[in-house]
Amino acid sequence: MKQVLDKLILGRYLQGDSWIHKLDPRTKLIGTFAFVLVIFLANNWVTYGLLIAYTLVALLLSKIPLGFFWKGIRPLIWVILFTVALQILFTSGGEVYFKWGFLQVTSEGIINAVFIFLRFVLIISFSTLLTLTTAPLQLTDAIEAVMKPLSIVKFPVHEVALMLSIALRFVPTLMDEAQKIMNAQRARGVDFGEGNLFEQMKAIIPILIPLFVSSLNRAEDLATAMEARGYQGGDGRSKYRVLNYDMRDAIAGLSLVVVTILLFVFKA
C-alpha cells in the first residue's frame with residue numbers, strides 16, 4: 001500500500017512553463033474529454049498507432065518525464081490486467097489457440113485485449129496530463145466556464161465546480177496524511193504486508209478510521225476559513241484570473257479535429 005501511495009499522481013500539479021502548461025485550462029479540459037470519446041473510434045492498429053503518436057507528442061510537449069506517467073499508471077496496472085484477462089478468456093472469434101470448457105484464447109481475443117490495454121493507458125495518461133499541467137484553481141475556473149450554460153436551469157455551477165476542485169486538490173493531501181498514519185502504525189508494530197488477504201484488510205482499519213476523522217476535521221477547518229473570509233457563493237463575484245484563448249489553443253483544438261478526421265478515414 002505504501003508503494004501505491006508513493007506513486008499515485010492523481011490531483012498533483014507540477015509547475016512548469018511548457019507549451020501544454022500555457023494552454024487555456026478550458027482547452028485542456030474540453031480536449032481531454034473529447035480525446036477520451038475519440039479513443040472509442042479506434043478499432044485497428046493504424047488508428048491506435050495514431051492515438052499513441054498524438055499522446056506521446058502531448059506528453060513530450062509538457063516536458064514532464066515519461067517515466068513519471070508510468071509510475072502513475074503502475075498502481076492501476078492490476079485492474080488493467082484483470083480487464084485484459086477477461087477479454088482474452090471470454091472473447092470468441094478468429095483462430096482458437098487454447099480451449100478449456102467455456103474458457104478459450106483466440107486471436108480475436110488477444111487483439112481486443114491489446115486494444116483494451118492501450119485504451120486504458122491512453123485515457124489514464126491524458127487525464128493525468130490534465131491535472132499535472134493545470135493548477136487546481138485554473139481547473140476550477142475551467143469547470144465553471146464549461147458548465148456555465150447549466151446556470152440557465154438554476155444549476156449550482158459555481159458550487160459544483162468548487163466542490164470538484166477541493167476534492168481534486170485534497171487527494172494528494174489525504175495520501176500524505178495516510179502515509180503519516182501508516183508510519184505511526186508501523187512504529188506501534190503494525191505490519192501491513194503480512195498475513196492472508198483478510199488479515200491485510202483488517203490491518204487497513206487502523207488507517208481508515210483516523211484518516212476519516214482527519215478528513216472531517218480538515219473539512220470543518222476549511223469551512224470555517226471560507227466563512228471567515230466572507231465567502232458567499234458565486235453570485236456577484238468577480239474574477240481575479242481572466243481566461244483568454246490564444247493561438248496555442250486554436251492549434252491544440254485544430255490538431256484534435258485533424259486526429260478525429262483521420263480516425264474516421266482509417267477506421268475499419
Side-chain angles (χ1 to χ4, degrees), residues 4-40 42 48 50-77 80 118-148 157-158 160-176 239-260:
V4 173
L5 294 177
D6 290 341
K7 295 171 183 175
L8 187 65
I9 58 177
L10 177 65
R12 297 188 184 273
Y13 167 65
L14 296 181
Q15 189 172 3
D17 60 349
S18 69
W19 197 83
I20 301 295
H21 281 83
K22 295 178 181 178
L23 286 174
D24 189 285
R26 293 170 295 180
T27 300
K28 289 185 279 189
L29 181 64
I30 296 174
T32 299
F33 280 108
F35 182 80
V36 171
L37 295 176
V38 164
I39 286 177
F40 292 93
Y48 272 101
L50 181 63
L51 290 174
I52 292 173
Y54 185 80
T55 302
L56 284 176
V57 170
L59 299 185
L60 292 174
L61 288 175
S62 70
K63 297 182 180 180
I64 298 174
L66 297 180
F68 196 86
F69 289 92
W70 171 240
K71 290 179 181 179
I73 294 173
R74 285 180 64 181
L76 302 174
I77 195 66
I80 298 175
L118 293 176
R119 189 175 296 172
F120 268 109
V121 171
L122 291 174
I123 291 176
I124 294 173
S125 298
F126 225 85
S127 302
T128 303
L129 181 64
L130 171 66
T131 58
L132 289 178
T133 60
T134 311
L137 292 178
Q138 290 182 332
L139 195 57
T140 303
D141 293 339
I143 294 174
E144 185 174 357
V146 171
M147 298 174 62
K148 194 68 174 178
V157 174
H158 178 79
V160 171
L162 181 64
M163 286 189 297
L164 291 175
S165 176
I166 291 175
L168 190 63
R169 159 63 183 83
F170 279 98
V171 167
T173 303
L174 291 178
M175 294 301 101
D176 294 338
K239 293 288 185 182
Y240 177 74
R241 298 171 301 277
V242 179
L243 302 179
N244 291 306
Y245 291 109
D246 58 19
M247 184 58 67
R248 283 188 294 265
D249 301 291
I251 294 174
L254 181 61
S255 66
L256 187 56
V257 171
V258 172
V259 169
T260 304

Can you confirm whether the side chains of Y245 and T27 place a donor and an acceptor under 3.5 Å from each other?
no

Taking all non-hydrogen atoms of both residues into account, name the closest pair between S62 and T133 and its distance.
CB-CG2, 4.1 Å

Between S255 (side chain only) and A252 (backbone N and O only), is there a donor and an acceptor less than 3.5 Å apart?
yes

Nearest heavy-atom neighbours spanning I20 and A58
CG1-O, 3.6 Å

For the atom pair OG1 (T131) and NZ (K28), what is the distance rounded to the nearest 0.5 Å?
10.0 Å

Rounded to the nearest 0.5 angstrom, the CD1-CD1 distance for I124 and I80 is 4.0 Å

Decide side-chain contact (heavy atoms from CB on, under 4.5 Å) for T55 and F35; before the verdict, give the C-alpha distance in whole Å, the side-chain angles of both, and the deciding distance to 0.1 Å.
CA-CA 10 Å; T55 302; F35 182 80; 3.2 Å; yes

Pick one: which of L122, T128, V121 meets side chain to side chain contact (heavy atoms under 4.5 Å, CB included) with S125?
V121

Any side-chain heavy atom of D246 sitting closer than 4.5 Å to one from D24?
no

Kindly compute the distance separating CD1 (I30) from CG (L130), expressed to the nearest 0.5 Å.
11.5 Å

Could you report the tightest heavy-atom contact between N244 and D249, atom names first, then the distance?
O-OD2, 4.1 Å

Quick one: CD1 on I251 to CG on L256, what's the gap to the nearest 0.5 Å?
14.0 Å

I'd like to check T32 versus L129 (side-chain heavy atoms, cut-off strictly below 4.5 Å). Are they in contact?
no

Does the side chain of L37 reach to within under 4.5 Å of the side chain of F33, using non-hydrogen atoms?
no

Nearest heavy-atom neighbours spanning D17 and K22
O-CE, 3.2 Å

Pairwise distance CD(Q138) to CG(L29) - rounded to 0.5 angstrom:
12.0 Å

Any side-chain heavy atom of I143 within less than 4.5 Å of one from V160?
no

Value rounded to 0.5 Å, distance of CG in L118 from CD1 in I52
4.5 Å

What one should report as the nearest heavy-atom pair of L14 and H21 is O-NE2, 2.7 Å

